[in-house]
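Each chain gets a letter, A, B and so on, in the order its sequence line appears, and its residues count up from 1.
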Amino acid sequence: KNQVEQSPQSLIILEGKNCTLQCNYTVSPFSNLRWYKQDTGRGPVSLTIMTFSENTKSNGRYTATLDADTKQSSLHITASQLSDSASYICVVSANTGFQKLVFGTGTRLLVSP
Amino acid sequence: DAGVTQSPTHLIKTRGQHVTLRCSPISGHKSVSWYQQVLGQGPQFIFQYYEKEERGRGNFPDRFSARQFPNYSSELNVNALLLGDSALYLCASSLRQESSGNTIYFGEGSWLTVV
């Protein structure tokens, strides 16, 4: 069964600190992995997209890594800001010919002043 | 340029009723997908439409249906509403059918509450 698991479920950090979120997946055949940021009650916003051959991808203070062998990904947030408070969702696509995204349940991040 | 637009933003329906949700993709995008996000969970794939044809379907009952119009906008219809259909319904827009190398943009969603 195609699954995406994320940890931790929730996280509280102080403003200015770094944090790393984890994602493990069993989606097969693998096509690509994305990280999205979702504010409560809003639509997800794309942060990074990585294919099988990419190990790391950065977008400003966000850096995602991918290990396709172990089927693990991480999202590192540097110098956190209050506006980083949101859910971060790991999304994996299977190579099915159509666009079926498998979402994790997300990590809820709270950045505290 | 407008992003993915969805309507209505919020609505309340009673059990047994029918609902129609609407989505306009980003201009030039031909793929529209629908997702259901129950509170506290990640979105679940419902349908993908590309070039006005259904290209993929998730594990949802036949009460859920959709269509895509010649201008690539889309409607999601849900019949015989159940309390469990209460969720945020997200529309996703992209240029191409496949996901690889294809940025997928989401709308702000339609909040459906079934009472």
Notebook entry, point to check: Of the listed residues (B:Gly109, B:Ala92, B:Pro43, B:Gly42), which shares the most heavy-atom pairs with chain A below a 4.5 Å separation?
Noted result: B:Pro43
Next item on the list: Applying side-chain hydrogen bond (donor to acceptor under 3.5 Å, both in side chains), name anything that partners B:Asn59, two or more places apart in sequence or on another chain.
Entry: none
Check: Within a strict 4.5 Å, meaning less than it, do heavy atoms of the A:Leu101 and B:Tyr35 side chains meet?
Finding: yes
Checklist line | A:Gln9 atom CD: more than 12 heavy-atom contacts under 6.0 Å | finding: no
Next item on the list: Report whether A:Val27 and A:Phe103 are members of the same hydrophobic cluster (ILVMFWY, side-chain heavy atoms less than 4.5 Å apart, transitive linking).
Entry: no
Next item on the list: Determine which pairs satisfy ring pair (Phe, Tyr, Trp, His ring centres under 6.0 Å) with at least one residue from residues 3-46 of chain A, sequence neighbours left out, and list them in order.
Entry: A:Tyr25-A:Phe30, A:Tyr36-B:Phe106
Next item on the list: Heavy-atom distances under 4.5 Å only: say whether B:Ser94 touches chain A with side chain, backbone, both or neither.
Entry: side chain
Notebook entry, point to check: What residue pairs, at least two apart or across chains, pass disulfide (SG to SG under 2.5 Å) with a residue in residues 41-95 of chain B?
Noted result: B:Cys23-B:Cys91
Check: What part of A:Gln38 is in contact with chain B, defined as an atom under 4.5 angstrom from a non-hydrogen atom: side chain, backbone, both or neither?
Finding: side chain
Note to self: Less than 4.5 Å apart, side chain to side chain, heavy atoms only: is that true for A:Asp39 and B:Glu108?
What the structure shows: no
Next item on the list: Report yes or no: do A:Tyr88 and A:Val91 belong to one cluster of Ile/Leu/Val/Met/Phe/Trp/Tyr joined by side chain heavy-atom distances under 4.5 Å?
Entry: no
Check: Which residues in residues 60-89 of chain B have any heavy atom lying under 4.5 Å from a heavy atom of chain A?
Finding: B:Leu88
Next item on the list: Sort out for me which of B:Gln6, B:Gln44, B:Gln37 touches chain A most, counting heavy-atom pairs under 4.5 Å.
Entry: B:Gln37
Next item on the list: Would you give the length of the straight line joining atom CD1 of B:Ile104 to atom CZ of A:Arg34, rounded to the nearest 0.5 angstrom?
Entry: 3.5 Å
Notebook entry, point to check: Around atom CZ of A:Arg61, are there more than 12 heavy atoms of other residues, nucleotides or ligands at under 6.0 Å?
Noted result: yes
Item checked: Shared hydrophobic cluster for B:Leu11 and B:Ile46 (ILVMFWY, side-chain gaps under 4.5 Å) -> yes
Check: So with a 6.0 Å cut-off around NZ of A:Lys17, is the heavy-atom count from everything else above 12?
Finding: no
Check: chain A: which of B:Trp111, B:Tyr50, B:Phe47, B:Tyr105 shares the most heavy-atom pairs with it under 4.5 Å?
Finding: B:Trp111
Note to self: Would a single hydrophobic cluster contain both B:Tyr49 and B:Ile26, if residues Ile, Leu, Val, Met, Phe, Trp and Tyr are joined by side-chain heavy-atom contacts under 4.5 Å?
What the structure shows: no
